[in-house]
Structure formats: C-alpha cells, structure tokens
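Contents: one structure, followed by commentary.
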Amino acid sequence: YQRRVHGATALRAKPFGLDVVFYDPNCPEGDDKALGVRRAETLEALAAEADVVSIHADLNPTSSNLIDARAIALMKPGVFFVNTSRGGIVDTAALVAALESGHVAAAALDVLAVEPPADPALLRLPNLELTPHAAFYSEEAWLEMRTKAAAVAAAAVRGERLKNVVNAQLLS
C-alpha cells in the first residue's frame, strides 16, 4: 500500500519540476527507475538534500518516532515538512520546536500521534496546517468504498480468491 502512495505522490510532484528523491529500505530495486525518481541510500542523505520532506510509511517498531529531533536537525534549514501517513512516525514535540525556531519553515499534518491534538501549541502555530485524515472523502468515494467492501465480502462468502489481502495467513 505505501509503495502505491509514495509512487503516486512522486508522479504528482514531477510535473511541478521537483527532483523527487526517496528513501525506503524496503522498496525493491528498480522502483526508482520505473518512476523516474532518485533513491537516497539513507534517511540522513535524504534529509540533507530535501527542500520538502513528505512522509509515506507504515507505523511499526522501526518507523515509530523516525522523525525525531535528530532527524529534523539533519534536515536543511527552511525545509517544508508533510506527514500524511501515521502520527506516531513524527515526534510532535520535536516538530513543534523546529517550527518555532524556524528550522522547519512550515509543516502540514493530517495525522497526529494523539488525536484530537493534546498539545495546544499545535493549534497556535502559524506555520502549521492541520487537516483531518480524510482526504479520500467524497460522496463518490464513499459509495465506491461501500460497493467494493460488499463485493469483497460476497467473494469471500463464495470462497473466491481475494485480491490485496494483507493478512492472508488468517484466511487458511
């Protein structure tokens, strides 16, 4: 799933003339070539050259607080930061400090580790945009989501092979 999201983001950024660079230790070799983007070998290398950092990762033990004070300090001064993946990937206090100091010029978040925001500082920062994690929402998307869910449930009841199963081991 995350490969689709970061790939879609990269393809949307390229027409704006952005030099898209990504870091993903789990992404197969060749995805960068297929998308026409560059791969950074380390998070540190990515942080050092990016003008905009956009996070597209699953939250797991490896990615929890991946973007902490140390990672933010490695980013270029004046970086723009976006997180639309999972709130627990970003140390919110470290991001607030970086926004207040100006090291991070601005940030846009549609996910937080604690929702609704527990830290009132988040609501006062003029260089922070908070939105609900509901970018998918439209009447058309809502109908499609319900229609697809019903189709998958019907296929499962009929014993048909299911597509895009993330927990296939539980089906046996």
Side-chain angles (χ1 to χ4, degrees), residues 1-115 117-119 121-123 125-136 163-169:
Y1 170 75
Q2 291 302 331
R3 284 179 54 213
R4 289 195 315 252
V5 173
H6 72 241
T9 302
L11 293 176
R12 285 173 175 82
K14 287 177 58 174
F16 291 99
L18 297 179
D19 176 24
V20 179
V21 183
F22 77 97
Y23 168 71
D24 183 344
N26 302 312
C27 189
E29 293 294 325
D31 276 17
D32 48 333
K33 304 289 187 268
L35 293 171
V37 300
R38 293 187 299 120
R39 177 190 296 264
E41 294 302 320
T42 64
L43 181 61
E44 293 78 11
L46 175 70
E49 75 170 293
D51 295 314
V52 178
V53 174
S54 183
I55 304 298
H56 306 277
D58 294 323
L59 179 59
N60 58 50
T62 306
S63 66
S64 180
N65 280 320
L66 179 68
I67 306 301
D68 58 7
R70 180 189 154 289
I72 293 170
L74 294 171
M75 294 179 194
K76 291 168 64 171
V79 68
F80 291 87
F81 183 81
V82 178
N83 183 20
T84 59
S85 57
R86 297 291 177 256
I89 293 172
V90 178
D91 177 344
T92 305
L95 180 60
V96 166
L99 285 163
E100 290 174 339
S101 75
H103 185 76
V104 173
L109 309 174
D110 79 344
V111 289
L112 296 167
V114 176
E115 295 180 6
D119 183 354
L122 289 174
L123 304 176
L125 290 168
N127 53 349
L128 175 62
E129 186 68 31
L130 295 173
T131 62
H133 191 64
F136 80 94
K163 298 178 185 176
N164 301 317
V165 177
V166 295
N167 56 353
Q169 71 279 8

Any donor-acceptor pair under 3.5 Å linking the side chain of [X] with the backbone of [Y]?
| X | Y | answer |
| --- | --- | --- |
| Asn83 | Arg86 | yes |
| Ser101 | Ala98 | yes |
| Asp32 | Gly30 | yes |
| Thr42 | Ala45 | yes |
| Lys14 | Leu35 | yes |

Does some side-chain heavy atom of [Y] sit less than 4.5 Å from a side-chain heavy atom of [X]?
| X | Y | result |
| --- | --- | --- |
| Phe22 | His56 | no |
| Ser64 | Leu59 | yes |
| Leu112 | Val114 | no |
| Arg39 | Cys27 | yes |

From [X] atom [atom1] to [Y] atom [atom2], the distance as rounded to the nearest 0.5 Å:
| X | Y | atom1 | atom2 | result |
| --- | --- | --- | --- | --- |
| Leu95 | Ile67 | CG | CD1 | 9.5 Å |
| Asn65 | Thr62 | CG | OG1 | 12.5 Å |
| Asp68 | Ile89 | CG | CD1 | 12.5 Å |
| His103 | Leu74 | NE2 | CG | 8.0 Å |
| Thr84 | Asp110 | OG1 | CG | 5.5 Å |
| Asp24 | Leu43 | CG | CG | 11.0 Å |

Looking only at heavy atoms, which two atoms of [X] and [Y] are closest? And how far apart?
| X | Y | value |
| --- | --- | --- |
| Val79 | Ala50 | CG2-O, 3.7 Å |
| Ser85 | Val111 | O-CG1, 3.7 Å |
| Tyr23 | Glu41 | CE1-O, 3.5 Å |
| Ala69 | Ala94 | N-CB, 3.5 Å |
| Val20 | Val37 | O-CB, 3.4 Å |
| Leu99 | Ala107 | CD2-N, 3.8 Å |

For Phe81 and Val90, run side chain to side chain contact (heavy atoms under 4.5 Å, CB included): C-alpha distance rounded to whole Å, both residues' side-chain angles, the deciding distance at 0.1 Å, then the answer. CA-CA 11 Å; Phe81 183 81; Val90 178; 3.6 Å; yes
Mind checking what makes side chain to side chain contact (heavy atoms under 4.5 Å, CB included) contact with Val165, not counting sequence neighbours?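 Side chain to side chain contact (heavy atoms under 4.5 Å, CB included) list for Val165, sorted by chain: Leu162, Asn167, Ala168, Leu171.
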Chi angles and distances behind the side chain to side chain contact (heavy atoms under 4.5 Å, CB included) call for Leu18, Val52: CA-CA 10 Å; Leu18 297 179; Val52 178; 5.7 Å; no
Heavy-atom count check: over 12 atoms from other residues, nucleotides or ligands less than 6.0 Å from Glu115 CD?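 Counting other residues, nucleotides and ligands, CD of Glu115 exceeds 12 neighbours.
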Taking atom CZ of Arg12 as the centre, report whether more than 12 heavy atoms of other residues, nucleotides or ligands fall under 6.0 Å from it. no
